[in-house]
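Heads up: the structure comes next, in structure tokens.
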Amino acid sequence: MARVFVYGTLTDPDRVASVLDRYDLGATATLRGLHRVEGRYPTLAPGGETTGRLLETPEIGRLDAYEGVESGLYVRVTVPLSTGGSAECYVGDPESLGADAAWPGTGPFEKRVRSYLEEEAVTIGRNE
């Protein structure tokens, strides 16, 4: 079962139901270290925080397809939970999405995202 932090269209139960057959759209949570920016679809950028929800599903492959991981539209990264464990999170390429966001460093987008997450100790905390 995969745990995923969602912050955009997948916070809507009707949208989740159109993508997944098996899921639990759980508690609200806050992603610390990244903020939401708008583009063709929502994505994340360095700094700040984002409120979303924790989604659990065994159908991570269907989420990858929905988010365009194979085409490079989004990358799936693992982010630690402040209470232990981790959750997956999708980060969209701002260039492909027309979003006003810049990621530090050089090299491929995915590498820059992963480096930032590690260096800045980005975490997800459940909202009680």
Side-chain angles (χ1 to χ4, degrees):
M1 185 75 71
R3 183 181 298 135
V4 183
F5 176 81
V6 294
Y7 56 90
T9 59
L10 291 174
T11 59
D12 174 19
D14 291 334
R15 178 61 64 125
V16 177
S18 75
V19 175
L20 301 172
D21 293 326
R22 297 173 305 185
Y23 64 91
D24 176 27
L25 189 54
T28 61
T30 301
L31 174 64
R32 291 177 180 82
L34 299 176
H35 69 279
R36 180 178 158 153
V37 293
E38 297 301 325
R40 187 168 48 138
Y41 303 109
T43 188
L44 298 167
E49 58 183 43
T50 301
T51 300
R53 294 181 78 174
L54 290 172
L55 169 74
E56 291 191 12
T57 182
E59 300 176 305
I60 194 74
R62 290 179 79 173
L63 285 179
D64 284 354
Y66 175 78
E67 298 290 2
V69 170
E70 192 172 303
S71 68
L73 189 61
Y74 282 78
V75 297
R76 178 167 42 96
V77 294
T78 303
V79 179
L81 293 170
S82 59
T83 56
S86 62
E88 301 301 302
C89 182
Y90 292 93
V91 180
D93 182 351
E95 209 171 287
S96 298
L97 296 173
D100 186 18
W103 287 86
T106 59
F109 172 66
E110 183 173 357
K111 176 182 177 267
R112 290 181 287 141
V113 170
R114 291 185 190 283
S115 293
Y116 181 87
L117 294 179
E118 217 171 89
E119 292 167 10
E120 299 300 322
V122 173
T123 61
I124 299 168
R126 293 177 197 246
N127 297 351
E128 302 302 328

Q) At their closest point, which heavy atom of Arg36 faces which heavy atom of Pro42, and how far apart are they? A) NH2-CG, 3.5 Å
Q. What pair of heavy atoms forms the shortest contact from Ala29 to Ile124, and how long is it?
A. CB-CG2, 3.9 Å
**Q.** Pairs meeting criterion salt bridge (charged side-chain N to carboxylate O under 4.0 Å, His left out) with involvement of residues 86-99, two or more places apart
**A.** Arg76-Glu88
Q) Between Leu55 and Leu20, is a side chain to side chain contact (heavy atoms under 4.5 Å, CB included) present by the stated rule, with each step listed? A) CA-CA 11 Å; Leu55 169 74; Leu20 301 172; 4.0 Å; yes
Q | All pairs passing salt bridge (charged side-chain N to carboxylate O under 4.0 Å, His left out) where residues 39-58 contributes a residue, at least two apart | A | Arg3-Glu56
(Q) I'd like to know if the side chain of His35 and the backbone of Pro46 have a donor-acceptor N/O pair within less than 3.5 Å. (A) yes
(Q) Show every salt bridge (charged side-chain N to carboxylate O under 4.0 Å, His left out) that has at least one partner inside residues 98-123, sequence neighbours left out. (A) Glu110-Arg114
Q.
If I take atom CG from residue Leu25 and atom CG from residue Leu54, how far apart are they, to the nearest 0.5 angstrom?
A. 9.0 Å
Q: Spell out, as yes or no, whether a donor-acceptor pair under 3.5 Å connects the side chain of Thr43 to the backbone of Pro94.
A: no
Q.
Test: side chain to side chain donor-acceptor pair (under 3.5 Å). Region: residues 6-21. Which pairs qualify, not counting sequence neighbours?
A. Thr9-Tyr66, Arg15-Tyr66, Asp21-Arg62
Q: May I ask you to test the Cys89-Leu117 pair for a side-chain heavy-atom distance under 4.5 Å?
A: no
Q: Enter the distance from Thr30:OG1 to Arg126:CZ here, rounded to the nearest 0.5 Å.
A: 12.5 Å
Q: Under the ring-ring contact (aromatic ring centres under 6.0 Å, His included) rule, collect the residues that match up with Tyr116, sequence neighbours excluded.
A: Trp103
Q | Phe5 with Val69, same ILVMFWY side-chain cluster at under 4.5 Å | A | yes
Q: Output, in order, the C-alpha distance, side-chain angles, deciding distance and verdict of side chain to side chain contact (heavy atoms under 4.5 Å, CB included) for Tyr90 and Leu63.
A: CA-CA 9 Å; Tyr90 292 93; Leu63 285 179; 3.2 Å; yes
Q. Taking Thr50 for the side chain and Leu34 for the main chain, is one N or O donor matched with an acceptor at less than 3.5 Å?
A. yes
Q. Taking only residues two or more places apart in sequence, or in another chain, which ones meet Tyr74 in a side-chain hydrogen bond (donor to acceptor under 3.5 Å, both in side chains)?
A. none
Q: Write down the atom of Ala101, the atom of Ala45, and the distance for their closest heavy-atom approach.
A: CB-CB, 3.5 Å
Q) Which pair of heavy atoms, one from Gly92 and one from Leu97, lies closest together, and at what distance? A) CA-CD1, 3.7 Å
